[in-house]
Amino acid sequence: MRWDFPSVHKTAEEESKSIADDKALEAFRVKYLGKKGVVADMYASFPTLAPDEKAAVGKGANDLKNFLTQLIEEKKQSLLSQPSAKKNAIDVTIPGAAHPVGHKHILTQTVNEITAIFEQLGFVIHESPEIESEFNNFTALNIPVDHPSRDAFDTFYLDTPDPSNKGRKLLLRSHTSPGQIRIMKDFKPPMAVVIPGRVYRPDAVDASHSYMFHQLEGLLVDENVKFSDLKGLLTVFCQKFFGKDIKMRFRPHFFPFTEPSAEVDIYWKNRNAWLEILGCGMVNPKVFEAVGYPKNKYTGLAFGLGVERMAMLKYGINDIRLFYENDVRFLKQF
Ligand code: DAH
């Protein structure tokens, strides 16, 4: 017999034990089962064999081929399950890489912070449209026809006629206070709401003015609401927003829609100055009259604060334009 089959089996099996990667396995396959491999050699020798040898070599070669095929398959599987092979495979159990998708704008964060405080105090959040009627923005708030803020230079009027008031034009609200009128027309007291949103004034843009900025309106209406409620509420709010040892003061002021009215100032240590942060007061009975509430039944408190102003004071931002330029070097800091 030209081949010692049992010893070829044994040698191949021994050799296969040292196969450590796909490349070595492929070399092993080529050596034994390739076109010029050991098994092919055996078949190639057929024509030279004596008839009685042919049967034995044929069987031996076939058995060897089956044995090697199985050996190679098993080796392939065991290589796949080895850690070194896993290195190149996709491990679906690894947590996904954190991908930066940005974050909320500092103004959104500030509005959220302010509304969260008022929610804790029992207020609900409402939204009110940016396009308003002259009635809601001025008349119902007791702002007289000759008031400068109603002037075309101080308000953005649209070309769109007001469907509820023939001959008048709709406008971009100049403050969030018309939200008070809408809420009071839609709901009955008791009520406690805050209304955040954008407001528009045709101001020249500089470090402290913009043609668009954000306000937050507050309104609480019930029977027997007192000025002390307003003072207490806004004191608690300012302490929660700016910190417990904030110094604040209520300074008498005038607003047509509140009586009495005040402005609140916060003392800013590093600037050694009082800075105004909001307007407030007790709802003027004329406003209740405009929304059709019964005479002398309700009292209410109201306030309106500038969101940019609050953020500028809290975070030391000195130019309002930074909020709208969307320079990531600025935005990333908050
Ligand atoms: N609407 C006023 C403004 O834009 C702010 C304001 C003052 C709102 C007093 C109020 C208030 O609700 O009571 O200047």
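Reckoned from all heavy atoms, side chains included, excluding hydrogens, waters and symmetry mates. When a ligand or atom number is given, it counts from 1 through the structure's own listing order. Keep in mind it's a predicted model, so treat the numbers as computed, not measured.
If you look at ligand 1, the protein residues with a non-hydrogen atom under 4.0 Å away are His175, Ser177, Gln180, Arg201, Gln215, Glu217, Phe255, Phe257, Thr258, Gly279, Cys280, Gly281, Ala302, Phe303, Gly304.
When each of Phe255, Phe237, Phe118 is checked for a ring pair (Phe, Tyr, Trp, His ring centres under 6.0 Å) with Phe303, only Phe118 meets the rule.
Taking Asp21 as the reference, nothing meets the side-chain hydrogen bond (donor to acceptor under 3.5 Å, both in side chains) condition, with sequence neighbours excluded.
Residues Asp154 and Arg201 form no side-chain contact, since every pair of their non-hydrogen atoms from C-beta on lies 4.5 Å or further apart. In this structure, Val194 and His126 have side chains that are not in contact, with every pair of non-hydrogen atoms separated by 4.5 Å or more.
When only modelled atom types and interatomic distance are considered, Tyr315 and Gln333 share no side-chain donor-acceptor pair under 3.5 Å.
Taking the six-membered ring where tryptophan is involved, the planes of His175 and Phe257 are perpendicular, since the angle between them exceeds 60° and thus also 30°.
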